[in-house]
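Each remark here refers to the structure printed beneath this line.
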Amino acid sequence: MANLNIDSIKDRTFDAIVIGSGMSGGWAAKEFTDKGLKTLVLERGRDVKHLKDYPTTNLYPWEFPHHGVMPDDVQKANPIVNRCYAFGEDAAHFFVKDAEHPYVQEKPFDWIRGYQTGGKSLLWARQTQRWSEFDFEGPARDGFAVDWPIRYADIAPWYSYVEKFAGISGNRDGLVELPDGEFLPAFPLNAVETYFSNHVKKTYKGRHVISARCAHLSKPNQIHLDQGRGQCQERTLCQRGCPFGGYFSANSSTIPWALRSGHCTLRPHSVVESIIYDEKKGKATGVRVIDANTKEAIEYYANVIFVNAAALNSNLILLNSISSRFPNGLGNDSGTLGKYVAFHNYSAHINAEYDGAKEWTTDGRNPAGGGYIPRFRNVYKQETDFLRGYACGFSAYRWEQHSSDGIGQDLKKNLVKKDLSSWHVGSHMMGETIPKETNYVALDKSLKDPWGIPQLKISVDYDNNDEKMKKDYVEQMTEMFTSAGFKNIQASTDHRAPGLDIHEMGGVRMGKDPKTSMLDKWHRLHACNNVYVTDGASMTSTSCQNPSLTYMAFTARAVDHAIGELKKGNI
Ligand SMILES: Cc1cc2nc3c(=O)[nH]c(=O)nc-3n(C[C@H](O)[C@H](O)[C@H](O)COP(=O)(O)OP(=O)(O)OC[C@H]3O[C@@H](n4cnc5c(N)ncnc54)[C@H](O)[C@@H]3O)c2cc1C
Ligand code: SF4
């Protein structure tokens, strides 16, 4: 039942409402409140306060009940989230468990979610690369999806803006296909990674192995200290929540910043069910929330609404926002809402061994994860039998090993004797997928979640382009590993469902033409100009870079536009 207490309507009215407090919503909150706007952030999950709510952050391995390994029964009860590499005993409390928030898999899809203040920004691997001009030109040049309504020049200043505040480490590599940013010092490659980087540079034109760029404070600036964050200590236990604020998360950075402004109200346990559209006014007036604990329905009002619930939940909210003007979902005049969903293809890997560099006894605990190989296929022109391309991770590592041979004294001696493995190298593929109308999400007609909201039905799959790209990755990396003298090369591909890349995008795509897209070049609905969508749902295509830096830059740019429109009285 709606809460219609008139006296409280004033209390429930804000300048701006932000749906979701994660990576992108945190930025919307910060930007609105920096400019003095009274902002309500609605978060469906519990509140997670920086430092206070990181229960495992300082635990030693032996302090975990199962030494960090998830018990069998938990793994069996959670086949989907258990496939995510970061779902361990130290971080499981930040992941949605399979049974808690059901969805319908018309085709297999591993939907990995974090429902709490900060969303998945607590859990991410912090890899942060800018898009280049080639990425924004992609669909128009290669003839898929629709043309992006913006280009690199539109977003470049906003990349700089968010990079300075978030703190991104990296080298200025001078690559046109992966533009440089406002970097803190990079985490250096180790000996074997440097060897491979030099080899690739000498041997392959247009291919580069660079230090991975990541959202860590390798050397904090004043703006980071002002956030209460400190230098990254290279513990590589980030998914627990960092006691130093060494990596960027909404919890350590944007959300507390917004709260300190005095203009932000954060309401956890608030599941946004739909956006309220006023037919007479021709705009959205607020949102309808179900309190996650009491299941009471409450309405909140504002002049402008930012949808930052993460790509697929942002689709769900718009699909569920029905009115006589918009019977098929808010702003859905084009009929494209929920369609053209795409993701990243991570389903190929390669591993090998390296005989050299024996004098180097440590792989260096690198929070950036090692090296990154920017896309080198089809960058300047179409040159293969598949569209677009892939980036590759690359890292080298060795470890202490102990023999458990023998019994009694022999066994004891063997166990305490330290030995080092040879160097191992590994790479994984990060491929762009092509958005297609047939890859879609929709509301299930009968199934509802525990809050009475229709469940999301996901129907997303790989295609032949992905298969060809995967084959090319394996061929190219095998060739590069062989020429570098790596031995025992083992390439593997798997048949994982989409979703495990955790880079799902699209469904509310940007475009120039309202007949074929949902959002204009400022991320607002063509058909309802006070609702902005600035998370992954807005992506017209996916490129192969990790996406979150782009969502952050998009969000800051869109808030700037919304504030301008509010001032002009246009919304
Ligand atoms: C293990 C892992 C590794 C990753 N590594 C990287 C990486 O290296 N680089 C990279 O760029 N990205 C990475 N990602 C992806 C990255 O985390 C996401 O791209 C990013 O968090 C998306 O930001 P967002 O704001 O859209 O969503 P989120 O950060 O997920 O925030 C969305 C918020 O909205 C809330 N919400 C959802 N529905 C509702 C509703 N109806 N009402 C109210 N609130 C709602 C959620 O609870 C959540 O707090 C990784 C993710 C994971 C899990
Ligand atoms: S590697 Fe850095 S950011 Fe990650 S937990 Fe350690 S100190 Fe924190």
Side-chain angles (χ1 to χ4, degrees), residues 17-28 41-46 48 54 57 81 84-87 91 94-96 101 112-129 167 187 212-218 229-252 255 267-274 287 289-290 292 307-314 316-317 320 344 365-369 393 430 449 451 453 456 500-505 533-538 545-552 554-555:
I17 289 177
V18 178
I19 306 172
S21 66
M23 192 85 75
S24 61
W27 268 97
V41 179
L42 293 164
E43 168 52 52
R44 70 177 299 153
R46 69 193 167 100
V48 169
Y54 302 158
T57 189
V81 64
C84 176
Y85 71 91
F87 184 70
F94 294 141
F95 283 93
V96 166
H101 297 278
I112 308 296
R113 292 158 290 168
Y115 288 172
Q116 62 252 324
T117 304
K120 300 190 292 290
S121 75
L122 273 170
L123 293 166
W124 68 320
R126 297 119 13 234
Q127 301 293 304
T128 32
Q129 312 93 20
F187 292 93
R213 299 169 179 181
C214 69
H216 283 255
L217 299 181
S218 51
R229 299 170 58 201
Q231 183 159 351
C232 169
Q233 306 293 309
E234 302 174 36
R235 305 184 331 146
T236 60
L237 299 173
C238 317
Q239 69 283 355
R240 299 178 179 186
C242 176
F244 307 98
Y247 75 97
F248 173 86
S249 66
N251 310 65
S252 66
I255 291 289
R267 192 183 197 280
H269 304 294
S270 304
V271 186
V272 172
E273 182 231 49
S274 57
V287 300
V289 164
I290 312 293
V307 189
N308 296 97
L312 299 189
N313 271 318
S314 290
L316 194 163
I317 291 168
N320 202 36
H344 282 158
R365 204 163 35 188
N366 183 347
M430 297 176 274
D449 73 8
W451 298 272
I453 299 171
L456 195 67
L500 208 49
D501 47 287
I502 325 179
H503 293 169
E504 60 274 11
M505 295 177 230
V533 183
T534 64
D535 60 18
S538 66
Q545 283 89 317
N546 294 70
S548 305
L549 182 69
T550 301
Y551 306 161
M552 296 193 240
F554 278 165
T555 305

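Not measured: the values here are computed from a predicted model. Counting convention: from 1, in listed order, for ligands and their atoms alike.
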Report summary line: Numbered in order shown, the ligand 1 atoms found under 4.0 Å of a heavy atom of Asp535 are 26 (O)
Query raised in the report: Does some side-chain heavy atom of Leu122 sit less than 4.5 Å from a side-chain heavy atom of Tyr247?
Result: yes
Query - Side-chain heavy-atom pair Phe94, Gln239 within 4.5 angstrom cut-off - result: no
Report summary line: If you scan protein heavy atoms around atom 24 (P) of ligand 1, the nearest is Ser24 OG, 3.6 Å
Query raised in the report: With respect to atom 9 (N) of ligand 1, which of Arg126, Gln127, Met552 exhibits the smallest heavy-atom separation?
Result: Gln127
Report summary line: Heavy atoms of Asn251 and Val48 approach each other most closely as ND2-O, 3.0 Å
Requested in this report: For Tyr115, counting its heavy atoms only, list the atoms of ligand 1 lying under 4.0 Å from any of them.
Outcome: 46 (C), 47 (O)
Requested in this report: Could I get the full list of side-chain hydrogen bond (donor to acceptor under 3.5 Å, both in side chains) partners for Arg267, not counting sequence neighbours?
Outcome: Ser270, Asp291, Tyr300
Query raised in the report: Which heavy atom of Arg240 sits nearest a heavy atom of Thr57, and at what distance?
Result: NH1-O, 3.8 Å
Query raised in the report: What residue and heavy atom of the protein are closest to atom 15 (C) of ligand 1, and at what distance?
Result: Ile502 O, 3.5 Å
Report task. Report the part of Asn546 (side chain from C-beta onward, or backbone N, CA, C, O) that has a heavy atom under 4.0 Å from ligand 1; answer both or neither where that applies. Result -> both
Query raised in the report: Just checking, is any N or O donor in the side chain of Gln129 or Asn546 under 3.5 Å from an acceptor N or O on the other one?
Result: yes
Query raised in the report: Heavy atoms, side chains only, cut-off 4.5 Å: are Pro367 and Phe187 in contact?
Result: yes
Query raised in the report: Can you list the atoms of ligand 1 that are under 4.0 Å from a heavy atom of Leu123?
Result: 1 (C), 2 (C), 3 (C)
Query raised in the report: When you measure from atom 27 (O) of ligand 1 to every protein heavy atom, which one gives the shortest distance, and what is it?
Result: Ala310 CB, 3.2 Å
Query - Heavy-atom nearest neighbour in the protein, as seen from atom 47 (O) of ligand 1, with distance rounded to 0.1 Å - result: Glu43 OE2, 2.6 Å
Report task. Answer whether the closest heavy-atom distance between the side chains of Ser548 and Lys120 falls below 4.5 Å. Result -> no
Report task. Indicate, as side chain, backbone, both or neither, the part of Gln116 found under 4.0 angstrom from ligand 1 when only non-hydrogen atoms are considered. Result -> backbone
Query - ligand 1 to Lys120 polar contact by distance, N or O atoms, under 3.5 Å - result: yes
Query - Within-shell test, Arg113 vs ligand 1, heavy atom, strictly < 4.0 Å - result: no
**Report entry** Minimum-distance protein heavy atom relative to atom 23 (O) of ligand 1
**Finding:** Met23 CB, 3.2 Å
**Report entry** Check: Ala125 N/O within less than 3.5 Å of ligand 1 N/O
**Finding:** yes
Query raised in the report: Under a 4.5 Å cut-off applied to non-hydrogen side-chain atoms, are Val287 and Ile317 in contact?
Result: no
**Report entry** Residue and atom name of the nearest protein heavy atom (relative to atom 37 (C) of ligand 1), distance in Å to one decimal
**Finding:** Ala309 O, 3.2 Å
Query raised in the report: Tell me: protein heavy atom nearest atom 16 (C) of ligand 1, and distance?
Result: Ser548 OG, 3.3 Å
Report task. Could you tell me how the ring of Trp451 sits relative to the ring of His101: parallel (under 30°), tilted (30 to 60°) or perpendicular (over 60°)? Result -> parallel
Requested in this report: Show which atoms of ligand 1 fall inside a sub-4.0 Å distance from at least one heavy-atom site of Leu42.
Outcome: 43 (C), 44 (N)
Query - Sub-4.5 Å side-chain heavy-atom contact between Val96 and Val81 - result: no
Report task. Compare all side-chain heavy atoms of Met505 with those of Tyr551 and state whether any distance is below 4.5 angstrom. Result -> yes
**Report entry** Protein heavy-atom partner closest to atom 44 (N) of ligand 1 - residue, atom, separation in Å
**Finding:** Arg44 N, 3.1 Å
Requested in this report: May I ask you to check whether Asn308 and Thr534 show a side-chain donor-acceptor distance below 3.5 Å?
Outcome: yes
Query raised in the report: What about Tyr85: any of its N or O atoms under 3.5 Å from an N or O on ligand 1?
Result: no
Query raised in the report: Just wondering, do Met23 and Met552 contact through their side chains at under 4.5 Å, heavy atoms?
Result: yes
Report task. Would you please indicate if the ring centroids of Trp124 and His503 are separated by under 6.0 Å? Result -> no
Query raised in the report: Does any N/O atom on Leu549 come nearer than 3.5 Å to any N/O atom on ligand 1?
Result: no
Query raised in the report: In ligand 1, which numbered atoms sit nearer than 4.0 Å to a non-hydrogen atom of Val272?
Result: 40 (C), 41 (N), 42 (N), 43 (C)
Query raised in the report: Which heavy-atom pair separates Ala212 from Gln127 by the least distance, and what is that distance?
Result: CB-OE1, 3.4 Å
Report task. Tell me which one of Trp124, Phe94, Phe87, Tyr551 gets a heavy atom nearest to atom 14 (N) of ligand 1. Result -> Trp124
Query raised in the report: If you count the atoms of ligand 1 from 1 in the order shown, which ones are under 4.0 Å from a heavy atom of Ser270?
Result: 42 (N), 43 (C)
Requested in this report: Report the part of Thr117 in contact with ligand 1, treating N, CA, C, O as backbone and CB onward as side chain, heavy atoms under 4.0 Å; options are side chain, backbone, both, neither.
Outcome: neither
Report task. Indicate the atoms forming the closest heavy-atom contact of Leu217 with Gly230, along with that distance. Result -> CD1-O, 3.5 Å
Query raised in the report: Which heavy atom in Val307 sits nearest to a heavy atom in Asp535, and how many Å separate them?
Result: O-OD2, 3.9 Å
Query raised in the report: Counting each atom of ligand 1 from 1 as listed, which ones have a heavy atom of Gly22 under 4.0 Å away?
Result: 25 (O), 29 (O), 31 (O), 33 (C)
Query raised in the report: Which atoms of the protein, restricted to N, O or S, are nearer than 2.8 Å to atom 8 (Fe) of ligand 2?
Result: Cys242 SG
